[in-house]
Trainee: 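Next up is a structure, given as structure tokens.
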Amino acid sequence: MIVFDKPKSLTDTPLHYCPGCTHGIIHRLVAQAIDDLGIEGRTIGVAPVGCAVMAYNYFACDMVEAAHGRAPAVATGLKRANPDNIVFTYQGDGDLASIGMAETVHSATRNENITVIFVNNAIYGMTGGQMAPTSLPGQVTQTSPYGRDVKTVGYPIRVCELLSTLDGPEFIARVAVNNVKNINNARKIIKKAFENQINNKGFSIVEVISTCPTNWGMTPEKALEWVDEKMIPYYPLGVYKDRSAEIQAKEDK
Amino acid sequence: MADKVLMKGNEAIAEAAILAGCRHYFGYPITPQTEIAAYMAKRMPKIGGTFLQAESEVAAINMVYGTSSAGYRVMTSSSSPGMSLKSEGLSYLAGSDLPALVVNVQRGGPGLGGIQPSQSDYFQATRGGGHGDYHMIVLAPASVQEMADLTITGFELADKYRVTAMILADGTMGQMMEPVELSADSVKTFDKPWAVTGTKMQRKHNIINSLSLVPEELEQQNFARYERYKTIEENEARCETFMMDDAEYCVVAFGIAARVSKNAVIAAREKGIKAGLIRPITLWPFPKKTLLDAADKAKAFISVELSMGQMIEDVELAIRCQRPVMLCNRAGGMIPTPEQVLAKIEEAAGGKM
Amino acid sequence: MGTVQILIAGFGGQGVLFAGKFIAYKALLEGKQLSWLPSYGPEMRGGTANCSVIVSDDPVGSPIVSNPDVLMVMNLPSLDKYENAAVKDAKIFVDSTLIERKVARTDVDTFYIPATQMANEAGISTLANMIMVGKVIRETGVVSYDNIVDALKKVVSAKHANLLDVNLKALEMGYNYDK
């Protein structure tokens with residue numbers, strides 16, 4: 001009986017993530033999708049700057065390390081050069097929604113045929129727990145020690161909702177990985193985001209609500225609960241845009 | 001032999017890039033280099049290439065990074081303020097040992113500055129521009145023909161040494177038209193086994209990366225990179241010399257300043273002053289040896305620049321401060337006249353230092 | 001003929017860059033060395049525009065013309081600006097429809113052509129520039145008038161081939177203008 005089987009498109013390099021961090025689960029889901037679709041040999045991953053900066057050591061496919069926030073631009077360059085490659089970026093909230101917001105929005109509006117995995121844990125983890133563009137109102141971080149004060153630093157950015165106002169992107173969804181049910185759903189959605197690229201549908205982004213027990217100052221269990229209690233109410237899960245499904249639904253009428 | 005055609009310098013760069021096999025261009029609008037983007041926008045779709053107007057200079061250079069990672073010849077172009085924005089990407093390209101061609105059609109600065117010709121990005125170009133220990137090969141064309149030729153050379157050298165090559169031109173070079181002959185006959189290409197094109201499950205994954213958290217390893221990478229730079233310095237320094245055989249007063253100038261200086265040198269010779277011109281074609285590597293040799297006979301050097309005096313430091317270093325080096329310059333978009341350069345040569349010859 | 005430095009100046013939209021380009025192409029077809037350098041930037045949109053054209057038997061040094069041998073001006077600000085820059089014995093061509101004053105200098109050759117009026121009367125109002133060029137060629141010989149249409153074909157795009165005839169007409173009007 002097989003109790004655990006590592007996806008082939010993950011290397012044997014041990015992950016460096018903190019105990020209880022859900023990056024490991026998300027890596028696994030991405031690798032699983034690559035395995036399921038049989039695309040490892042033609043996939044190029046683009047790693048971000050942030051906690052997942054060393055993702056290039058973990059995925060067995062060809063990998064590129066991008067400058068902070070620039071993964072969608074790098075992915076654009078890769079995909080335009082070799083359209084037969086499957087190109088994905090793996091980015092955190094600071095990378096994607098702060099310093100790289102322009103690259104995010106513009107690759108989305110171009111409907112660049114890439115897959116974006118957006119890991120939102122509401123904090124800058126790698127640098128030690130600073131306020132992120134997605135930190136919740138009142139959330140205490142190293143750079144918002146009295147809690148995020150929306151009067152002076154503004155409100156969190158809901159990336160899926162924001163990108164959904166664009167006509168460009170093909171697919172926008174938000175998932176979580178804090179329980180088995182959510183993980184199973186996330187697996188399906190991430191696979192779909194890759195399938196869309198294989199089928200030349202265009203820009204597909206999956207926002208994954210993640211945890212940071214270390215910088216949230218919580219036990220891993222408590223962090224998973226916090227996702228349910230605080231994160232998901234602010235960042236509702238669901239499919240925000242699925243152009244092909246919408247077209248299909250119209251045709252079916 | 002191809003026919004001579006009249007082209008703007010900017011257009012010559014674009015067409016030469018295509019001849020060199022470049023099929024991917026990423027850029028952002030800025031004066032005075034827009035003809036390059038316009039040319040690419042017209043041509044690339046017709047030859048199965050990519051022209052993409054990026055959302056920013058920063059995005060454009062990172063698209064270059066992506067396409068270069070895939071092993072393709074790729075370029076971007078901009079002008080001074082845009083080059084500052086691209087500097088981040090230039091550092092990453094260097095750190096990941098990726099080849100690329102970058103064009104800077106300089107304008108006056110600092111800040112937003114103006115749009116008239118300048119050479120005030122000399123430091124930025126020859127010292128790398130971005131953070132960290134690195135160099136780019138910096139090519140300084142002085143004619144439309146060279147805008148084309150050095151573009152092809154730039155792609156070749158970039159691939160050969162896995163470095164960024166920069167064409168450091170100025171608004172005059174970009175906007176002027178001269179007869180130019182274009183040919184793809186002798187374009188060299190290079191294998192790129194390091195490129196990320198998919199493992200096809202036949203090899204270990206390739207990684208394009210500039211991160212290295214172990215200082216011992218990062219130091220070794222820097223050492224190795226500088227070994228390559230040493231080879232470049234030994235083999236690739238280029239310059240043109242003009243009336244240098246017996247020159248006592250050596251003008252050093254590149255690009256448009258060299259064109260102006262040539263007139264001045266001829267005028268000085270007509271007046272019986274033994275003047276000559278060294279025109280660096282590569283600004284990095286700087287043609288140090290030619291300058292050092294010239295110092296044997298030369299009594300003084302004159303650095304002619306469209307800046308407050310940047311290359312002059314390399315001139316002084318190259319000749320190891322053995323002779324006086326004078327500056328003849330204009331800034332902010334102004335260009336020295338041949339008369340101004342001649343006056344400086346006469347001043348040097350008259351012994352007024 | 002050595003080297004001839006030409007400066008052409010006027011308002012943006014009068015076709016001064018086009019006029020320079022035409023001379024440059026003619027020189028190219030004659031196997032001469034040349035350079036063409038425009039002013040560029042916002043000044044092109046409604047302000048003054050100029051271009052430097054150098055035609056030579058030898059490689060061209062500086063492409064910037066600051067002391068022209070041949071000055072062709074199509075508005076008053078350009079005459080005011082460049083009259084004193086021209087070399088001694090320069091040939092100065094003035095569109096006398098748009099510039100009422102005479103050239104003040106006495107050490108230069110001057111040619112007054114009512115090019116704008118001639119163009120308007122001939123129904124080719126946008127081609128005063130080429131009337132001026134016709135006269136410049138006649139008086140300077142910087143390029144030959146032979147096979148003039150070949151050079152025109154280089155600057156008039158195939159899309160606007162219908163404009164060849166009127167450009168040729170303008171050149172001829174200028175070339176044959178004898179006052």
Side-chain angles (χ1 to χ4, degrees), chain A residues 8-11 13 16 34 38-49 53-87 89 99-110 112 114 126, chain B residues 22-26 28 44 48-74 76 85-93 95-96 98 100 130-131 194-213:
Chain A
K8 283 198 298 295
S9 54
L10 283 181
T11 63
T13 311
H16 70 278
I34 293 170
I39 53 173
E40 183 192 327
R42 60 177 175 130
T43 297
I44 320 281
V46 184
V49 172
V53 68
M54 281 181 285
Y56 54 78
N57 284 330
Y58 308 141
F59 290 101
C61 57
D62 275 356
M63 293 294 294
V64 179
E65 165 57 30
H68 198 24
R70 317 299 172 222
V74 173
T76 297
L78 284 161
K79 188 70 184 182
R80 297 276 177 138
N82 279 329
D84 289 339
N85 282 149
I86 301 301
V87 181
T89 72
I99 197 164
M101 189 54 121
E103 284 80 357
T104 303
V105 171
H106 283 269
S107 56
T109 204
R110 286 195 303 267
E112 207 66 55
I114 59 173
M126 180 64 123
Chain B
C22 172
R23 290 295 178 276
H24 299 85
Y25 172 93
F26 303 99
Y28 187 84
M44 282 301 192
T50 299
F51 164 83
L52 185 58
Q53 181 171 320
E55 57 271 27
S56 67
E57 304 285 6
V58 178
I61 191 73
N62 281 285
M63 290 171 186
V64 166
Y65 184 96
T67 297
S68 178
S69 296
Y72 288 80
R73 285 194 165 161
V74 56
T76 185
L85 287 167
K86 285 190 202 296
S87 294
E88 175 197 61
L90 296 177
S91 173
Y92 279 73
L93 285 164
S96 299
L98 289 173
H131 59 280
W194 45 263
V196 290
T197 52
T199 62
K200 299 180 178 64
M201 307 307 275
Q202 285 165 6
R203 58 161 168 78
K204 196 172 171 290
H205 64 167
N206 281 343
I207 299 173
I208 304 292
N209 179 32
S210 65
L211 180 71
S212 186
L213 292 174

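A note on names: the letters A, B, ... follow the listed sequences, proteins ahead of strands, and every chain is numbered from 1.
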Trainee: Using heavy-atom distances under 4.5 Å, tell me whether B:Ala195 contacts chain A through its side chain, its backbone, both, or neither.
Mentor: backbone
Trainee: What class does the angle between the rings of B:His24 and B:Tyr72 fall in, given that below 30° is parallel, 30 to 60° is tilted and above 60° is perpendicular?
Mentor: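 Plane angle over 60°, so perpendicular.
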Trainee: Taking side chain as everything from C-beta outward and backbone as N, CA, C, O, which of these in A:Arg80 sits under 4.5 Å from a heavy atom of chain B? Side chain, backbone, both or neither.
Mentor: both
Trainee: So which part of B:Leu52 gets closer than 4.5 Å to some heavy atom of chain A, the side chain, the backbone, both or neither?
Mentor: side chain
Trainee: Using a cut-off of under 4.5 Å on heavy-atom pairs, state which of A:Asn85, A:Thr11, A:Val105, A:Leu78 scores highest against chain B.
Mentor: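 The candidate making the most pairs under 4.5 Å is A:Leu78.
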Trainee: Compute the ring centroids of B:His205 and A:Tyr58, then answer whether they are less than 6.0 Å apart.
Mentor: no
Trainee: With a 4.5 angstrom heavy-atom cut-off, which part of B:Thr197 approaches chain A: side chain, backbone, both or neither?
Mentor: both
Trainee: Is it the case that over 12 heavy atoms from other parts of the model lie below 6.0 angstrom from the CZ atom of B:Phe51?
Mentor: yes
Trainee: Given a strict heavy-atom distance threshold of 4.5 Å, which part of A:Ala75 is in contact with chain B: side chain, backbone, both, or neither?
Mentor: neither
Trainee: Pick from B:Met201, B:Lys200, B:Arg23, B:Glu55: which one has the most heavy-atom pairs with chain A under 4.5 Å?
Mentor: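 Answer, by heavy-atom pair count under 4.5 Å with chain A: B:Glu55.
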Trainee: Drop me the distance from A:Ile39's CD1 to A:Asp84's CG, to the nearest 0.5 angstrom.
Mentor: 12.5 Å
Trainee: Heavy-atom pairs under 4.5 Å with chain B are the metric here; pick the option from A:Gly45, A:Ser107, A:Ala67, A:Ala47 that has the most.
Mentor: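 Option with the top pair count is A:Ala67.
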Trainee: Okay, side chain of A:Thr13, backbone of A:Asn57: is any donor-acceptor separation there less than 3.5 Å?
Mentor: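 Yes: the side chain of A:Thr13 pairs with the backbone of A:Asn57.
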Trainee: Yes or no on side-chain contact (heavy atoms from CB on, under 4.5 Å) for B:Phe26 and B:Asn62, after CA distance, side-chain angles and deciding distance?
Mentor: CA-CA 9 Å; B:Phe26 303 99; B:Asn62 281 285; over 6 Å; no
Trainee: Can you tell me how far the CG atom of B:Leu93 sits from the NZ atom of B:Lys86, to the nearest 0.5 Å?
Mentor: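 Interatomic distance, B:Leu93 CG to B:Lys86 NZ, rounded to 0.5 Å: 10.5 Å.
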Trainee: Taking every non-hydrogen pair under 4.5 Å, which of B:Ile61, B:Val64, B:Val58 racks up the most with chain A?
Mentor: B:Val58
Trainee: Select one option (side chain, backbone, both, neither) describing which atoms of A:Thr109 are under 4.5 Å from chain B's heavy atoms.
Mentor: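 For A:Thr109, there is no contact with chain B at all, as no heavy atom is under 4.5 Å.
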Trainee: Where on B:Arg203 is there a heavy atom nearer than 4.5 Å to chain A: the side chain, the backbone, both, or neither?
Mentor: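 For B:Arg203, the contact with chain A is made by the side chain alone.
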Trainee: To the nearest 0.5 Å, tell me how far B:Leu211 CG sits from A:Tyr56 OH.
Mentor: 4.0 Å
